[in-house]
Amino acid sequence: MPQFSLLPIVNGKVRLDMKCVACELSQNPDLRTNCMSGSGAENPTYLFVGHAPGAEDDRIGEPMTGRNGQLLQRLLRHAGIGITDCYFTNTLRCCPYGKNLKETHFKHCRDYLIKDIKQLNPTVIVSAGAKSMTWLTGSKGVSKLRRRGLPCCLPIGRDILVFPIRQPAGLFHVEGSEYDQLFDEMVSDLVWIKEQVECGIVHRAGDIETDYQTARTEDDIERFFAELEEKDCLACDLETGDINFEPRLFPGKDCKIISIGFSSGIGHARAIPLYARGLTSVLYWPDGFMEKVIYPRLTKLLKEKEIFGHNFVSFDQKWVRKELGIPYCNIKYDTMLGHYLLNEERGTHDLEFLAILYTTMSPWKASFTLSDTDKMCQYLCRDVDATFRLRTILEPQLNDLQRWLLDNILIPAGNVLMDVEYNGVNVSTENLHNLNHYLESEIKKETERLQKSKAVQEFQILNVKTFNPASPAHVRDVLQKHKGLRLQKKTDGGKYSVDVEVLEGLSDVPEAQAILRYRKLEKLKSTYCIGLIKSADENNKVHTTYKIHSTVTGRLASENPNLQNIPRKDTVGKVLEDGSIIKSVFASQPGYCLLQADYSQIELRVLACLANDERMIDIYKKGQDLHSQAAAAVFNIPVEQVTPEQRTGAKSVNFGIVYGMSLDKLIAKFSAAGNTEEAAKRFLYLHKNMFPGVWQYMEDQEQLIRVQRFQETPFGRRRRYQDITSAEIRQALNFPIQSTASDFTLLSISRCPQVLKELQLDARLVLTVHDSLIFEVRLDQFWQVAQAVKSVMEGWRFDWLTVPIVADMEAGKNWGKLKKVKFSDFSFST
DNA sequence: TCCTACGGCGCT
DNA sequence: AAAGCGCCGTAGGA
């Protein structure tokens, strides 16, 4: 144990006499000078915790005296926080020379910090910088967690919130406007924290009394169901898993619902274990009891009550379908989707995280284990209780538009996507295996070719290890040290980049070209061949998971595996030179074909409407090609005379606008398409004249986020902005467009299957990729299905939608070769 | 054996 | 530094 004693208060400051010998730094006087306690108010509202004492503080022996301290004091003055309300300390109590601070050092200093917090009993803790935040909360990523109160993870015997701010010393590394911006940002974070303290959000009343029960007998089951059947509205949650302890992503044959929990009010929860977890997997109930009693009554609840949960739509509902055979539950709300609409920020929708943030509940998942049935059910009770409480807190915060979005887009699309995930998509694992063999032999050839290189051999002798073309460090060494090449581009981490752009520039370096080819082959093999083979189930079906809540724009994300980034063109070797081989393993079953419906230029059409640009709207209304029209107009030539270069240039500009590209980047891009810089500038000038509405709209968006700090799309999606830098401005230019376009796809996802069912057509959605839907369709009903899908996708009407939206249709036996569907002559060939 | 960060790369 | 994603391998640490 470290030794310290509390000294009397001197000049209103509590000082600790630090004679610390806890770690090896104390053994060597060359390693450090002072060991420092904190300093500040006796009963502080704010306890500031930095990383380690600054060099000047170290010399003087008191925190807040050096330039770091003065800077923090200045920030506090600007934020209106009185220094007499603060106490300042650090996670590490000394500042060893060379600043070689390691996590092991904190282990010794930890007790000082705990003692500090206990004795000073501050209202809140403010952690300055990444490291102190991690040690105080266990979480990482200051920029993500700014403006949040996180529970302190140190054992101090009570709940206390930690508010992270950035490391003030970061200001010493920036200058000019960047400094001003960062300074303002830090002040506003402090002001925010002050507001939280003043409006009392930091006071955690402690948990209210709870009534959590777990069913252990058949009588309990009867009592629970009788009680739950009285209610109208239930929060529900499942614990699922492989009863043999083998983790699996999709409900396989040994994956079961381990237990199920309900809550009908705050503090109220009932858990029903279905399988006991122990050394061997055993059924919790006597033979037949589950099927005869539990399942039917569960089914009744899930079908007849108003059910809500946390990510229930896509996760729990899939398991309910598999285990209980109920196709859809009666879902009226989802706390995760609800929160997503209120705060689109990524990675903030975890149940426990939200419960800590919005309710008085304390963390409970820390020591979670599925193997102890009792414990598992207690946690399940907390889960459903948290879900119930979150609904009462979050649902009233939704505005009318967000409520509409939830009821008409998120939940319906979620139900359909659950179905899509459950059914899966057919892949030919046989073809994948064949392709894998081919790729392996090609990779071997490429590796052998590289082995013959003199530079590679030099590398191996010098480093006494085999050259690995998959290691950027090896590649960098070979090119720089052994080929003597000068690289220019840097990575984010400050190292010389050897990415595709760099290697393509080295067209006369055979090693670079071989590595490029190696990477292409390896990517195809590892991500797509092996990845898909691993994902396929015993029926050669691949079940992805679509995440509705994971993007800031409202687009879907696809994972395990990601089916939204299947290569569309493979250009390696003879076998792969035409179209996409990987895509072609996604095939329809005999008697069926795939029908792909893509929204055509949906983002630009949305832009035309949102910007209310007369000319652009006119072009789309007339069904003309926007890029050619733009090129023709600005070059002042007839459309027919527009060269491919001119059209490409115009297209780059149009897409650049959608992505919020800066003017000089636009010019560079346009020049790269084969134009002079002069022509590029003239083009932009004329483009502005042609589409003034678009350019005005972009200016307006920037103004908008500066003033109100958020945007809202016509469908009610919002994106919030904490700071306004160039990155946020680009995001603001893109967000309404990408988001609104994406919602058309989601609307169609929810509507198409419904219409196909009404028409009794044998077709089902198997995939979706941002602006396209892919159906598997029975051949003899192809034209009816194609017509139905097209009319749904193109049939959306909103008062702000002032241009037609168009779906291009393609079809084929597999995803790799699709042919355009021509409605004019009712034909397509496979 | 697990974790994380990084570099790199696939898609709309 | 052109928006939005997820997954692979390496490398270092636990």
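Lettering follows sequence order; numbering is per chain, from 1.
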Enquirer: Choosing from B:dG10, C:dC8, B:dC9, which nucleotide comes nearest the side chain of A:Tyr528?
Expert: B:dG10
Enquirer: Taking only Lys NZ, Arg NE, NH1 and NH2, and the carboxylate oxygens of Asp or Glu, determine whether A:Glu442 and A:Lys525 approach each other closer than 4.0 Å.
Expert: no
Enquirer: Under 30°, 30 to 60°, or over 60°: which ring-plane class applies to A:His474 and A:Phe467, parallel, tilted or perpendicular?
Expert: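 Correct class here is tilted.
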Enquirer: Between A:Lys523 and B:dG10, does any side-chain N or O lie under 4.0 Å from OP1 or OP2?
Expert: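 Result: no.
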Enquirer: Is there a side-chain polar atom (N or O) of A:Thr491 under 4.0 Å from OP1 or OP2 of B:dG7?
Expert: yes
Enquirer: Is the phosphate of B:dG8, meaning OP1 or OP2, less than 4.0 Å from a side-chain N or O of A:Ser497?
Expert: yes
Enquirer: Quick one: label A:Gly660 by what it contacts on the DNA or RNA (base, sugar-phosphate, nothing), any heavy atom closer than 4.0 Å.
Expert: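 Nothing, no nucleic acid heavy atom in range.
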Enquirer: Of the nucleotides C:dC7, C:dA1, C:dA11, which one has an atom closest to the side chain of A:Arg730?
Expert: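 Closest of the options to the side chain of A:Arg730: C:dA1.
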Enquirer: Report yes or no: is the cationic atom of A:Lys490 (NZ for Lys, CZ for Arg) closer than 6.0 Å to the six-membered ring centre of A:Tyr496, at no more than 45° off its axis?
Expert: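 Because its charged atom sits under 6.0 Å from the ring centre and within 45° of the axis, A:Lys490 does stack over A:Tyr496.
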Enquirer: Taking the side chain of A:Lys665 as its heavy atoms from C-beta onward, which of C:dA2, B:dG8, C:dA11 lies nearest to it?
Expert: C:dA2
Enquirer: Taking atom P of C:dG6 as reference, at what distance in whole Å does atom CG of A:Leu563 sit?
Expert: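 In whole Å, C:dG6 P and A:Leu563 CG are 13 Å from each other.
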Enquirer: Specify whether A:Tyr340 and A:His349 have parallel, tilted or perpendicular ring planes, treating 30° as the upper limit for parallel and 60° as the lower limit for perpendicular.
Expert: perpendicular
Enquirer: When only distance counts, do a donor and an acceptor, one from the side chain of A:Arg568 and one from the base of B:dT12, lie under 3.5 Å apart?
Expert: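 There is none.
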Enquirer: Select one nucleotide: of C:dA1, C:dG6, C:dG9, the one nearest the side-chain heavy atoms of A:Ala470.
Expert: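 Closest of the options to the side chain of A:Ala470: C:dG9.
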Enquirer: Is there a side-chain contact between A:Lys569 and the phosphate of B:dC11, meaning an N or O under 4.0 Å from OP1 or OP2?
Expert: no
Enquirer: On a plain distance test, is the side chain of A:Asn562 in donor-acceptor contact with the base of C:dG6 below 3.5 Å?
Expert: no
Enquirer: Over how many whole Å does the gap from A:Leu516 atom CG to B:dG8 atom P extend?
Expert: 12 Å
Enquirer: In terms of side-chain heavy atoms of A:Ser550, which of C:dG6, B:dG7, C:dA2 is nearest?
Expert: C:dG6
Enquirer: Ring-plane angle category for A:His627 and A:Phe655, please: parallel below 30°, perpendicular beyond 60°, tilted otherwise.
Expert: tilted
Enquirer: Of A:Arg718, A:Gln701, A:Arg717, which is the lone residue that meets side-chain hydrogen bond (donor to acceptor under 3.5 Å, both in side chains) with A:Gln711?
Expert: A:Gln701
Enquirer: Return yes if a side-chain donor-acceptor contact under 3.5 Å exists between A:Asp723 and A:Thr725, otherwise no.
Expert: no
Enquirer: Report the distance from atom CG of A:Asn560 to atom C1' of C:dC7, rounded to the nearest whole Å.
Expert: 9 Å
Enquirer: Starting from P on C:dG4, measure out to CD on A:Glu345 and report it in whole angstrom.
Expert: 13 Å
Enquirer: Taking 4.0 Å as the cut-off, does a side-chain nitrogen or oxygen of A:Gln564 come that near to OP1 or OP2 on C:dG6?
Expert: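 The answer is no; no side-chain N or O of A:Gln564 sits under 4.0 Å from OP1 or OP2.
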Enquirer: C:dC7 phosphate, OP1 or OP2: any side-chain N/O from A:Asn565 under 4.0 angstrom?
Expert: no
Enquirer: Side-chain N or O of A:Arg717 less than 4.0 angstrom from OP1 or OP2 on C:dG4?
Expert: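 Looking at the OP1 and OP2 atoms of C:dG4, neither is under 4.0 Å from any side-chain N or O of A:Arg717.
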Enquirer: Counting side-chain heavy atoms from C-beta on, which of B:dT12, C:dA11, C:dG9 comes nearest to A:Ser526?
Expert: C:dG9
Enquirer: What's the closest nucleotide to the A:Lys495 side chain, out of B:dG7, C:dA2, C:dC5?
Expert: B:dG7
Enquirer: So which nucleotide from C:dG4, C:dG6, B:dT12 ends up closest to the side chain of A:Arg719?
Expert: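 So the nucleotide nearest the side chain must be C:dG4.
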Enquirer: Would you please confirm or rule out a distance under 4.0 Å between OP1 or OP2 of B:dC9 and any side-chain N or O of A:Arg519?
Expert: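 Checking A:Arg519 against B:dC9: at least one side-chain N or O falls below 4.0 Å of OP1 or OP2.
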Enquirer: OP1 or OP2 of C:dA2 less than 4.0 angstrom from a side-chain nitrogen or oxygen of A:Ser652, does that happen here?
Expert: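 So the side-chain polar atoms of A:Ser652 never come under 4.0 Å of the phosphate oxygens OP1 or OP2 of C:dA2.
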Enquirer: Report the distance from atom CD1 of A:Ile515 to atom P of B:dG8, rounded to the nearest whole Å.
Expert: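 Answer to the nearest Å: 11 Å.
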Enquirer: Taking only side-chain N and O atoms of A:Lys547, does any of them lie within less than 4.0 angstrom of OP1 or OP2 on C:dG6?
Expert: yes
Enquirer: Please report the distance, rounded to the nearest Å, between CD in A:Gln738 and C1' in C:dC5.
Expert: 9 Å
Enquirer: If we take the P atom in both C:dA1 and B:dC6, what is their distance in whole Å?
Expert: 15 Å
Enquirer: Classify the nucleic acid contact of A:Val500 as base, sugar-phosphate or nothing, counting any heavy atom under 4.0 Å across all strands shown.
Expert: sugar-phosphate
Enquirer: Quick one: A:His474 NE2 to B:dG8 C1', roughly how many Å, whole number?
Expert: 16 Å
Enquirer: Can you see if the side chain of A:Ser471 gets near the phosphate of C:dA11 - specifically, an N or O under 4.0 Å from OP1 or OP2?
Expert: yes
Enquirer: Return the value, rounded to whole Å, for the distance between atom CZ of A:Arg476 and atom C1' of B:dG7.
Expert: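 Between C1' of B:dG7 and CZ of A:Arg476: 8 Å.
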